[in-house]
Undergrad: 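Below you will find the structure I want to go over with you.
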Amino acid sequence: MPELPEVETVRRSLDPFVVGRSVNRVILDTPSVWCGAGPDAIAGLTVTRSARRGKYLLFFLAPTHAAGTAYWLVVHLRMTGRLTLQDAPEPARKHTHVRIELDGETMPPIWLIFQDTRRFGRFSLYPAQSADQLPAALPRLGPEPLEPSFGAELLARQLSGHSRLNLKAALLNQAIVAGIGNIYADEILFASRLSPQRLAGSLDDAETARLADAVRSVLLRAVDLCGTTLKDYVDGWNRKGSFQHCLMVYGRSGQPCRRCSLAVQKKKLAGRSTHWCPACQPGLPD
DNA sequence: ACCTACCTGTTT
DNA sequence: AAACAGGTAGGT
């Protein structure tokens with residue numbers, strides 16, 4: 001489900017409703033989804049901030065007493081995870097794994113519910129220094145593509161150690177750029193007019209600039225449209241995204257390219273299904 | 001730089 | 001029955 005635009009949309013939808021509330025209790029229906037410090041550690045702590053790094057969603061949990069320990073709660077939704085809010089207590093359903101009751105001082109309690117059909121998603125809890133310093137335990141992640149500092153120069157630097165990697169694999173590599181997954185990698189390459197088979201080391205300056213621009217523009221537009229709902233993805237209030245109506249190549253194999261009408265191709269690359277237009281994205285012969 | 005495993009559900 | 005699905009960790 002969730003690439004950067006979807007995770008950012010979930011974060012924005014949850015933030016105003018969870019920040020300022022404290023954890024009443026945590027019900028861990030599926031213990032295997034929880035890593036690091038145990039869920040009991042956050043009882044009584046207050047959510048003071050949400051953040052996102054790549055596809056990771058983070059909540060800072062501050063103690064009410066100065067002597068207490070603060071934590072980062074780090075959530076990764078992987079393929080089919082959903083993090084939603086419910087006004088009423090929600091009984092555990094088939095794929096419910098975590099339920100957190102949050103209390104506001106004057107507001108009635110609200111429930112943060114984690115559901116995940118495939119059970120790939122994870123909650124990780126780490127003792128924290130400060131809300132300004134993200135947990136060091138996150139895997140090595142490349143730059144945030146929506147930060148102002150991201151551009152052709154930074155992308156070229158990130159790609160420089162991977163000249164023999166094809167562009168599809170490069171965009172999927174979270175250590176090169178954080179947050180891009182299978183849908184947006186294909187859409188970014190289409191917008192760049194670059195073949196997914198091109199090698200990272202083969203780009204000239206103009207091509208690198210086009211790629212960097214497309215990374216930003218595609219992800220920004222997808223955030224504006226609240227992400228892509230193919231099947232499972234919804235935001236914190238069960239609302240679907242609408243970027244699925246804007247897809248140019250992903251999921252369109254055999255259909256005419258929306259720019260030139262030639263049939264969109266599909267093949268497995270970097271272990272993932274990859275969609276591209278052979279006319280708009282000329283590259284190596286197959 | 002690749003492969004498989006992790007899971008369940010849906011599509012071919 | 002087999003392939004496939006928004007992702008990543010861990011193996012070779």
Side-chain angles (χ1 to χ4, degrees), chain A residues 1-11 29-36 52-57 74-84 92-98 114-124 137-142 158-189 196-202 218-219 222-223 225-235 239-254 266-275:
Chain A
M1 143 165 74
E3 306 180 33
L4 183 154
E6 290 76 33
V7 178
E8 179 61 18
T9 302
V10 171
R11 191 194 67 74
D29 297 299
T30 307
S32 59
V33 305
W34 194 284
C35 310
R52 181 191 55 73
R53 180 78 173 93
K55 302 172 193 172
Y56 292 85
L57 180 53
V74 180
V75 180
H76 199 302
L77 301 171
R78 296 285 184 100
M79 302 278 265
T80 53
R82 287 180 170 192
L83 199 56
T84 55
R93 290 190 273 169
K94 190 172 183 187
H95 299 298
T96 302
H97 308 306
V98 183
F114 174 62
Q115 294 164 295
D116 185 357
T117 309
R118 294 178 74 178
R119 268 187 273 149
F120 288 168
R122 286 293 177 271
F123 277 53
S124 307
L138 288 182
R140 201 172 92 260
L141 294 172
Q158 291 300 110
L159 291 174
S160 63
H162 306 272
S163 56
R164 294 160 10 103
L165 208 58
N166 66 51
L167 291 178
K168 178 62 181 273
L171 290 181
L172 290 176
N173 185 334
Q174 302 300 297
I176 295 177
V177 180
I180 299 169
N182 204 36
I183 297 175
Y184 296 110
D186 285 2
E187 295 299 311
I188 287 164
L189 289 168
Q197 283 120 316
R198 286 282 300 277
L199 299 188
S202 77
V218 169
L219 295 177
V223 170
L225 294 177
C226 300
T228 301
T229 298
L230 297 178
K231 189 172 175 300
D232 300 290
Y233 165 70
V234 289
D235 76 1
R239 295 173 296 208
K240 295 177 178 182
S242 40
F243 195 79
Q244 63 275 17
H245 307 301
C246 302
L247 297 174
M248 299 297 280
V249 287
Y250 184 88
R252 302 191 73 250
S253 61
K266 173 179 174 176
K267 83 179 237 187
K268 197 153 271 212
L269 211 54
R272 314 297 298 280
S273 67
T274 299
H275 314 72

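In what follows, every chain begins at residue 1, and chains take the letters A, B, ... in the order their sequences are listed.
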Undergrad: Given the C1' atoms of dA1(B) and dG6(C), what is the spacing between them in whole Å?
TA: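 Approximately 23 Å lies between the C1' atom of dA1(B) and that of dG6(C).
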Undergrad: Search all heavy atoms of Thr80(A) against all heavy atoms of Thr117(A) and return the closest pair with its distance.
TA: OG1-N, 3.6 Å
Undergrad: Distance check: side-chain N/O of His76(A) vs OP1/OP2 of dG7(C), anything under 4.0 Å?
TA: no
Undergrad: Can you list the steps and then say if Ile176(A) with Leu159(A) is a side-chain contact (heavy atoms from CB on, under 4.5 Å)?
TA: CA-CA 7 Å; Ile176(A) 295 177; Leu159(A) 291 174; 3.8 Å; yes
Undergrad: Main chain of Tyr250(A), side chain of Glu187(A): is a donor-acceptor contact present, judged purely on distance under 3.5 Å?
TA: yes
Undergrad: Would you say dG6(C) has OP1 or OP2 under 4.0 Å from some side-chain N or O of Lys55(A)?
TA: no
Undergrad: In a table with atom names and distances, give each donor-acceptor pair under 3.5 Å that connects a side chain of residues 240-249 of chain A to protein atoms at least two apart or in another chain.
TA:
residue   : atom : partner   : partner atom : Å
Ser242(A) : OG   : Leu225(A) : O            : 3.2
Gln244(A) : OE1  : Thr229(A) : N            : 3.0
Gln244(A) : NE2  : Gly241(A) : O            : 2.9

Undergrad: May I ask you to evaluate whether Arg272(A) reaches the phosphate of dG6(C), defined as a side-chain N or O under 4.0 Å from OP1 or OP2?
TA: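 Indeed, a polar side-chain atom of Arg272(A) lies that close.
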Undergrad: Counting any heavy atom closer than 4.0 Å, what does Phe243(A) reach on the DNA or RNA strands: base, sugar-phosphate only, or nothing?
TA: nothing
Undergrad: Please round to the nearest 0.5 Å and tell me the distance separating atom CZ of Arg93(A) and atom CG of Asp29(A).
TA: 12.0 Å
Undergrad: Starting at CD of Glu3(A) and ending at P of dT8(C), how long is that distance when rounded to a whole Å?
TA: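 The answer, rounded to whole Å, is 9 Å.
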Undergrad: Please give me the minimum heavy-atom distance between Gly142(A) and Ala178(A), naming the atom from each residue.
TA: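 Reported closest heavy-atom pair: O-CB, 3.5 Å.
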Undergrad: In whole Å, what is the span from the CZ atom of Phe120(A) to the P atom of dC4(C)?
TA: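 It is 16 Å, rounded to the nearest whole Å.
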Undergrad: Short question: side chain of Arg118(A), backbone of Arg78(A) - any donor-acceptor pair under 3.5 Å?
TA: no
Undergrad: Which whole-number value in Å describes the distance from Lys168(A) NZ to dG6(C) P?
TA: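 Whole-Å distance recorded here is 8 Å.
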Undergrad: Measuring only the P atom in each nucleotide, how far is dC7(B) from dA1(C)? A whole number of Å is fine.
TA: 22 Å
Undergrad: Distance check needed: dA5(C) C1' versus Ile183(A) CD1, whole Å only.
TA: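 Whole-Å distance recorded here is 10 Å.
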Undergrad: Expressed in angstrom and rounded to an integer, what is the separation of Asp116(A) atom CG from dG6(C) atom P?
TA: 15 Å
Undergrad: Tell me whether the side-chain N/O atoms of Gln174(A) come closer than 4.0 Å to OP1 or OP2 in dG7(C).
TA: no
Undergrad: Report all interatomic pairs (protein N or O, nucleotide N or O of nucleotides 9-12 of chain B) with separations under 3.5 Å.
TA:
residue : atom : partner  : partner atom : Å
dG9(B)  : OP1  : Lys94(A) : NZ           : 2.9
dG9(B)  : OP1  : His95(A) : NE2          : 3.0

Undergrad: Can you find an N or O donor on one side and an acceptor on the other, under 3.5 Å apart, linking the side chain of Arg118(A) with the base of dA5(C)?
TA: yes
Undergrad: State which residues pass ring-ring contact (aromatic ring centres under 6.0 Å, His included) with His76(A); sequence neighbours excluded, sorted by chain then number.
TA: Tyr56(A)
Undergrad: With rounding to the nearest 0.5 Å, note down the distance linking CG in Asp232(A) to CD in Glu6(A).
TA: 11.5 Å
Undergrad: Just verifying a value: how many Å separate Thr228(A) OG1 and Glu3(A) CD, rounded to the nearest 0.5 Å?
TA: 7.5 Å
Undergrad: Whole angstroms only, please: what is the CG-P distance between Leu77(A) and dC7(B)?
TA: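 Atom CG in Leu77(A) sits about 18 Å away from atom P in dC7(B).
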Undergrad: Could you measure the distance from the CD1 atom of Ile183(A) to the CG atom of Leu230(A)? Nearest 0.5 Å is fine.
TA: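 Going from the CD1 atom of Ile183(A) to the CG atom of Leu230(A) covers 4.0 Å.
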Undergrad: So does Lys266(A) get a side-chain nitrogen or oxygen closer than 4.0 Å to the phosphate oxygens (OP1/OP2) of dA5(C)?
TA: yes
Undergrad: dT10(B) and dT8(C): how far apart are their C1' atoms, nearest whole angstrom?
TA: 22 Å
Undergrad: Check nucleotides 1-3 of chain C for protein N or O atoms closer than 3.5 Å to its own N or O atoms and list the pairs.
TA:
none

Undergrad: Pick the C1' atom in dA3(C) and in dT4(B), then give their distance to the nearest Å.
TA: 16 Å
Undergrad: Roughly how far, to the nearest 0.5 Å, is the OH atom of Tyr184(A) from the CG atom of Leu172(A)?
TA: 14.0 Å
Undergrad: Between the protein and nucleotides 9-12 of chain C, list the N/O to N/O atom pairs that are separated by less than 3.5 angstrom.
TA:
residue : atom : partner  : partner atom : Å
dA9(C)  : OP1  : Tyr56(A) : OH           : 3.2

Undergrad: Does Asp186(A) reach the main-chain N or O of His275(A) with its side chain, forming a donor-acceptor pair under 3.5 Å?
TA: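 Checked: pair present.
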Undergrad: Given that both pair distances must be under 3.5 Å and the pair must be Watson-Crick or G-U, what runs of three or more consecutive pairs involve DNA chain B?
TA: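 Stems found: B:1-6 with C:7-12, B:8-12 with C:1-5.
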Undergrad: To the closest 0.5 Å, what do you measure between CG (Leu199(A)) and CG (Leu165(A))?
TA: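 Result: 8.5 Å between the selected atoms.
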Undergrad: What is the distance, to the nearest angstrom, from the CG atom on Asp29(A) to the C1' atom on dC7(B)?
TA: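 Roughly 17 Å, once rounded to whole Å.
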Undergrad: Locate the shortest heavy-atom distance separating Val234(A) from Arg82(A); write the atom from each residue and the value.
TA: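 So the minimum-distance heavy-atom pair works out to CG2-NE, 3.8 Å.
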Undergrad: What integer distance in Å separates Arg82(A):CZ from dG6(C):C1'?
TA: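 Those two atoms, CZ and C1', are 13 Å apart.
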